[in-house]
Every structure is written in structure tokens, then in C-alpha cells.
Asker: 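To start, I am sharing the structure in question, which I have written as C-alpha cells.
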Number of protein chains: 2
Amino acid sequence: MPSLRDVAERAQVAISTVSAALNGTRPVAAGTKRRIEQAAAELGYRPNLLARGLQSKRTRILALLYPAPRSGFGLTEMQFATGAAEAARELGHHLLLSPEHADPIEELRHLTGLGLVDGVLLMEVGLDDERAAFLTAAGVPFSMIGRTRDPGSIDYADIDFAATARDAVAHVAALGHRELAFFNLSSGAYADGYGPAVRAGEEFAAAARAAGIGYVDGHRPGSAEEGREAFERLMEAHPDVTALAVMDDHAAVGVIAAVAARGWRIPDDLTLLLVLSSARVAEMFHPRLTTLEPPGTELGRLGARMLIDRLCGDGPPQQRLVPCRLVAGDSSAPPRTTGREGRRRA
Amino acid sequence: MPSLRDVAERAQVAISTVSAALNGTRPVAAGTKRRIEQAAAELGYRPNLLARGLQSKRTRILALLYPAPRSGFGLTEMQFATGAAEAARELGHHLLLSPEHADPIEELRHLTGLGLVDGVLLMEVGLDDERAAFLTAAGVPFSMIGRTRDPGSIDYADIDFAATARDAVAHVAALGHRELAFFNLSSGAYADGYGPAVRAGEEFAAAARAAGIGYVDGHRPGSAEEGREAFERLMEAHPDVTALAVMDDHAAVGVIAAVAARGWRIPDDLTLLLVLSSARVAEMFHPRLTTLEPPGTELGRLGARMLIDRLCGDGPPQQRLVPCRLVAGDSSAPPRTTGREGRRRA
DNA sequence: GTGAAAGCGCTAACAG
DNA sequence: CTGTTAGCGCTTTCAC
């Protein structure tokens, strides 16, 4: 690998001049600059990032803290990573994929102490996330995909649950539904403080209220079996519900089975929405479910970009909310008009 | 951040002694060593990886080349990344997630020229992969998840398609099936030289032959619609087929629809196997499909580990094949005994 | 405009 | 066993 010195020798100038010419750090005569650039090109010179980083205290490397995959982990989480990696790349940075284990704080202390990364990207952020508190205290630049309860001036990109809920409610309301039920994420799979579960729950309730349509929640099925049970209990207690929004993929499988078991069909007898699941998963269902697809790639990109912005200069905190995209499938239709016999057609 | 010098001052020894004590590079008196370790601990000293890398020419950073996600991309690819990142971490290394774009070779040249990474991990390896050729020529250490047509002495971890096919065939044969069909990956979604498609195709044929059961292939549906059509054509041409192995998730959706359309049920009238799809996807189906689940995490781990082995010392090339895990679902059963009316029960 | 020189934090000879 | 010294490749004063 050729170094600055090799370029300097070939161009017959001093090392510092080469550095200046290549980085534009200070004015260099046009002719000299051309000579240097040519020499660099001929030698295939690439700046050594380690040397540069050692000197400048900036490595242009970001770390994405990647929690150990748990149930419910899927495409969206992977999109965070790929989106962040792409955005980083476009902005001349690199992305380290840093798996988290038993003691996130200790690992964070270690990682940031290495001098290897300029900043950290947090995902799967809890409402009271200790990592965020630690990084703030340690003065390490970071941004979040998701957000804590009170993000203060921390940069973050999160799902706009209010808009998502509004869109979902508007979608079913437009079809004529007057009674909507909501199955939240299981309290088992996620700690109770898990942001998406809390926020989605609140916002769906608010959106339904604002739209003046009936609303039932309280169920939190986390598996197909629980989904089946939840749906049966729902129909017992609230037979007038005609539309259902489900957060958990597996629960949706159970709901579909339960619907079939009572001789009903989707969408004729029940409008089913899958919330926070990717369209790719929705396509696995038959009929294809209407989905509120989380903007995973976009959030990853935003998270990386705002972190890089922060590293470069400091502006005001960037806090972005992006709604899920409603992808209409074949699981939404006007409400059934009778009880058990299915919807009458005109 | 405290440096070696700070530790040296506090312990009243020379910098090089601290380095030696902390790295075990050369013998250090027990007492001195203890003093040094204590000083380091008190200061919270962390070695600066940049400085170390600059000097030692080893950064302990690996790059995983991550192709732009395309259709058919899923959990398995993510598992490569998380598995590799975890294994790297356990072995004291870091993993850079490096997205690939238009010109993989140029990007590879760039990445390796930066001096940032010690080695490269390739995934989605083609039978004639130009990246492998480039890295070999450039003398950059690398390993592959997947493999080229002729891997020579390159380290790789790949799926054991022969064992996978054998297991799948044995599974259906044990249930009593005598006629198996195989739907390969679409030639559209993947270039014709895509290893898994080619190898799985060959090995399923071989396994069926070896087991002495009838075998039909040639279909390559890449979507639900194509899956539906393929199944109908299959049943027309080969009405005696009772078991079907499908490589593409979406095609499986179509097959299931087609099965239902002709009034059949799974598994009573057709045993359906999903090959190379994660159990998580299989659970989305109803009934839950029997799956041959690719060892994504394992392959990622192996890939990282063999690369690190290669970087440390050089032994013989490591070439590992890992079979898919057969996860029995509710889509396999003994063959139907009659044509259209479904299986008679005893 | 350009060059010489110091030094980022570390490792690895080489003396002692 | 321990200290001194010389860089790794780069950025950055500071003279000229």
C-alpha cells in the first residue's frame, strides 16, 4: 500500500503538501495540485484510516448496537442495520455491527473506550433506556432508532405512532367500520416499558376516539395460540367488532385460524390489519393482509444520518417521526352486516 | 481517555514495560506487573485500537460484504451477519457491515486499501464469483459463506445440500411417499449460476434417485401466482405426486392456495416441505409447514471463525458444510391413497 | 505556497 | 527483567 510519502516522492513535494492538496486543508498551487493528484492516482494511493484517525481523533466509524435477536425479531430490525449501513457509506462513514450481550453498559464502556468509533446508534430503545443515560453521561455522541420516554435533546428517528394509528383508523372507518379492536404486543415478549407497545396502544385508542368509532383493547397475544384465544374471547365479549388491528405476526396467524374455525372469512366477516409487520410477511398470508409497514430502512438511514450530522457540526437536535406505510391487501373490506352468516352482497 | 503513558507514570515504569505487561509480549516481574495492572484498572485504561493497529498492521476488524437486499432476502441473510458479528466478538474482533453497490470490485479495492480491515467475509457467493477471484489475486484474507464452483483452498462454510436433500427425501419416504416433486428457486430472482439453486436442484434429484423414489422437477416458480400455476401444471402432468418440496416462500403461498382451490387439504392430500426457509416463516403458514431451515447463524459464525483462524496462523483450508435442520411441522403426513377425494383414514 | 518537524498511542527492536 | 528509541501514516503548527 502506497503511503503519503510515496506520493510525495513521486510528485517531488513535501508530505504535508500532499496531505493539504488531497484534503483541501490549505491552498495549493494549481500545478502542484495536479501533479500530486496524478501521482496519487498512478500509485493507487488510499489514505490509511488508522493513521488519519489516530491523529484526527475521528475514525468515521459508527457502531450499531445490535441486541441479541429474540422472538419477534425480523426484517424490520435487519432494515435498521442495512439502512444505517447504507446511509453511513453514502456519507463516507463505516458501520460496525456490535452485538449486545449480558451487560450492555459494560460493553458500551469498552466499545467507546477503544477509540474505534466516533458515535453510537442505539436500536430497540426502551422507555427508560440505561444505555442512553450512560452515553449522555459519558459524552459519547449517539442517536436512537426509537426513543426514550423523555428524549430531551437526543437525536432520534422513530415511528410516528399517532399518524400510523390515524391512518389505520381512517382506513377502516372509510370502509364503514364502527367497531375496532386492537391486539397489542405480548407483555411477555417485550418488557412492559417497550416503546412501540406502549405508544401504539395509546395512539390507537386516541385515534379511534377522535374518529368517533368504538374501540376495544386489552388483549396482548404473543403467539398463534394466544391469538386464537384472544379472538374468541373478543367475539364473545364484543360481537359487534368488525375490524381488528394486530401487532404480532404470530398472533395474526391464530386470529386467522379462529376466524376460519367459526366459518368466517377474511375480509368478508372480519377486516384484519397487521401493524408493524413488513409487507413481505403479509404476503405470506392468504389472503394477503393489509399491513402498516414500519419504515425500517428509512429509520436506519435517518438514525445514521443524524448521528453523522451531530459529529460534523452541532445544530439543534433532530427528532424525526416517520409513519408506517399502509399497504392495502385483501384483508380489508366493508363490515359484515349480519352476525354469523357473513356479509350480504348487493 | 488515559493512554499507556498515563499508566506508566502512575506505575512508575517505562511505557514499553506497561505494554509488555498488559499484552504478555515478554516476561515482566510479578510485582511490577501487579502494580501496572492496578494502575491500569484505577485509570480505566483501554488500549487505543487505532494506535495499536497502525503499528501492528492488524486491526482485528473484519468486513462483511452485504449485498443490497433483494427480493427473497430474509432472516437467513441477517443471521449470517449477526452470527458473524457474535463469533467475531467472542474472538476479540469487530465486524464491519459493508453494503455492496454497483461495482463490488471497485468498492472492495477501496475498502481493503483503507487499511481498516484485516479480512473480508463474502456472502451470497456466486458459482463464478469475481469478488473471490479479486481477493485471491490481491492477497487479501477472506472466507466465504457459500462457495464458488471450485473453491480450491479458500475457506468456506456452506449449506450441505446433499445431506439436506437426503434428510428431506428420507422424511417423505419414511411417511410412505413414492413420488416427490421439487420446485426450485426462480431463475428470475437469482442468476442461473446461483449456487443454492443449482446445488439443491442436483442434490434433490440425486437423493430421490438413491432412495428409489419417483422425482419431478423443472418448475421454478418465484411468486405466489407462479407457484399456483406450477402446482396445477404439476398435478396435470404428474397426478401421482404426493409430496412437494418448495424452495421459494412465495411460491409456497401459491401452492397452498392451489391445493385449497382443488378442495384438497394439507397434509392429507399433499405433503409440503419448505426448503431453505426459516422456521419463523414456516410458522406464518397454516398449517405450520415442515421446514428445512438453513443454519444461518451457524454459517455466519463459522465464516467469521475460519477467517480469524486464517488471520492468526495458517493451517489447512477449512471447508465446512452444514445441513439444514428439518423442523417437522403439520404439513407432512402419509400420502393420500386415492386420487381426488383425499386420504382415507383407518 | 511550500517544507520541516512534532506527535497522535502504540509496538518492537535493541541496549543495559 | 526493564528502559530507551525508532517508527507505523497521517495531520498540523510553524517557519521560510
Side-chain angles (χ1 to χ4, degrees), chain A residues 1-37 39-40 43-61 92 94 110 112-118 311-312, chain B residues 1-37 39-40 43-61 92 94 110 112-118 311-312:
Chain A
M1 256 326 117
S3 75
L4 263 195
R5 212 173 72 158
D6 300 319
V7 180
E9 274 174 12
R10 183 172 248 266
Q12 302 281 10
V13 290
I15 294 180
S16 61
T17 307
V18 179
S19 173
L22 261 27
N23 296 307
T25 326
R26 73 184 188 194
V28 171
T32 319
K33 187 167 178 180
R34 215 183 25 71
R35 255 189 13 257
I36 290 172
E37 280 166 352
L43 290 166
Y45 168 77
R46 313 259 174 208
N48 182 310
L49 288 194
L50 295 187
R52 175 178 285 178
L54 181 58
Q55 173 68 288
S56 66
K57 299 297 180 194
R58 289 216 33 201
T59 61
R60 304 189 153 249
I61 300 177
H94 292 271
H110 180 78
T112 55
L114 260 20
L116 188 58
V117 303
D118 288 342
L311 291 169
C312 292
Chain B
M1 255 328 115
S3 74
L4 264 195
R5 213 173 70 159
D6 301 319
V7 180
E9 273 174 13
R10 184 173 247 266
Q12 302 282 11
V13 290
I15 294 180
S16 63
T17 307
V18 179
S19 172
L22 261 27
N23 296 306
T25 325
R26 71 184 190 194
V28 172
T32 318
K33 186 166 179 180
R34 216 184 23 70
R35 262 199 353 272
I36 289 172
E37 279 167 351
L43 260 36
Y45 169 77
R46 313 263 173 205
N48 181 310
L49 288 194
L50 295 187
R52 175 178 284 177
L54 182 58
Q55 172 66 294
S56 65
K57 300 295 181 195
R58 289 217 32 202
T59 61
R60 304 189 154 249
I61 300 176
H94 293 272
H110 180 78
T112 55
L114 260 19
L116 187 59
V117 303
D118 288 344
L311 291 169
C312 291

Asker: When you compare the side chain of B:Ile61 with that of A:Leu116, does any pair of heavy atoms fall below 4.5 Å?
Answerer: yes
Asker: I need the CE-C1' distance between A:Met1 and D:dG9, as an integer number of Å.
Answerer: 13 Å
Asker: Considering the terminal five base pairs at each end of the helix from C:dG1-D:dC16 to C:dG16-D:dC1, what angle separates the two local helix axes, rounded to 10°?
Answerer: 40°
Asker: For the atom pair NE2 (A:His94) and NE2 (B:His94), what is the distance rounded to the nearest 0.5 Å?
Answerer: 15.5 Å
Asker: Whole angstroms only, please: what is the NZ-P distance between B:Lys57 and C:dC10?
Answerer: 17 Å
Asker: Using whole Å, report how far CD of A:Gln12 lies from C1' of C:dG1.
Answerer: 17 Å
Asker: Figure out the CG/P separation between A:Leu50 and C:dC8, and round it to whole Å.
Answerer: 17 Å
Asker: Show me the donor-acceptor pairs within less than 3.5 Å that the side chains of residues 15-26 of chain B make with the rest of the protein, sequence neighbours left out.
Answerer:
residue : atom : partner : partner atom : Å
B:Ser19 : OG   : B:Asn23 : ND2          : 3.4
B:Asn23 : OD1  : B:Arg52 : NH2          : 3.2
B:Asn23 : ND2  : B:Ser19 : O            : 2.9

Asker: Keeping the roles fixed (side chain from A:Arg10, backbone from A:Ala39), state whether a donor-acceptor pair exists under 3.5 Å.
Answerer: no
Asker: Could you tell me the separation between the OG1 atom of A:Thr59 and the CG atom of A:Asp118, rounded to the nearest 0.5 Å?
Answerer: 3.5 Å
Asker: Grab the CZ-C1' distance between B:Arg5 and C:dG7 for me, whole Å please.
Answerer: 10 Å
Asker: To the nearest Å, give me how far apart CZ (A:Arg35) and C1' (C:dG1) are.
Answerer: 12 Å
Asker: Select from A:Thr17 and B:Pro2 the residue whose nearest nucleotide in DNA chain C is closer to the 5' end of that strand.
Answerer: A:Thr17
Asker: Please determine, for the side chain of B:Ala29, which listed nucleotide (C:dC8, D:dT4, D:dT2) has the closest atom?
Answerer: D:dT2
Asker: Mind checking whether B:Arg46 and A:Thr112 have side chains closer than 4.5 Å, heavy atoms only?
Answerer: no
Asker: Rounding to a whole Å, what distance do you find between A:Glu9:CD and D:dG9:P?
Answerer: 12 Å
Asker: Quick check: on DNA chain D, is the nucleotide nearest A:Asn48 upstream (toward 5') of the one nearest B:Thr32, or the reverse? Name the residue that is more 5'.
Answerer: B:Thr32
Asker: What heavy-atom pair brings A:Asn48 and A:Leu50 nearest, and what distance separates the two atoms?
Answerer: OD1-N, 2.7 Å
Asker: At under 4.0 Å between heavy atoms, how does the protein contact nucleotides 11-16 of chain C? Give one character per nucleotide, 5' to 3', with B, S or -.
Answerer: BBBB--
Asker: Are side-chain heavy atoms of A:Leu49 and A:Arg60 found at a separation under 4.5 Å?
Answerer: no
Asker: Could you state the CG-P distance from A:Leu22 to D:dC10, rounded to the nearest angstrom?
Answerer: 10 Å
Asker: So does B:Arg58 have more than 12 non-hydrogen atoms from other groups sitting under 6.0 Å from CZ?
Answerer: yes
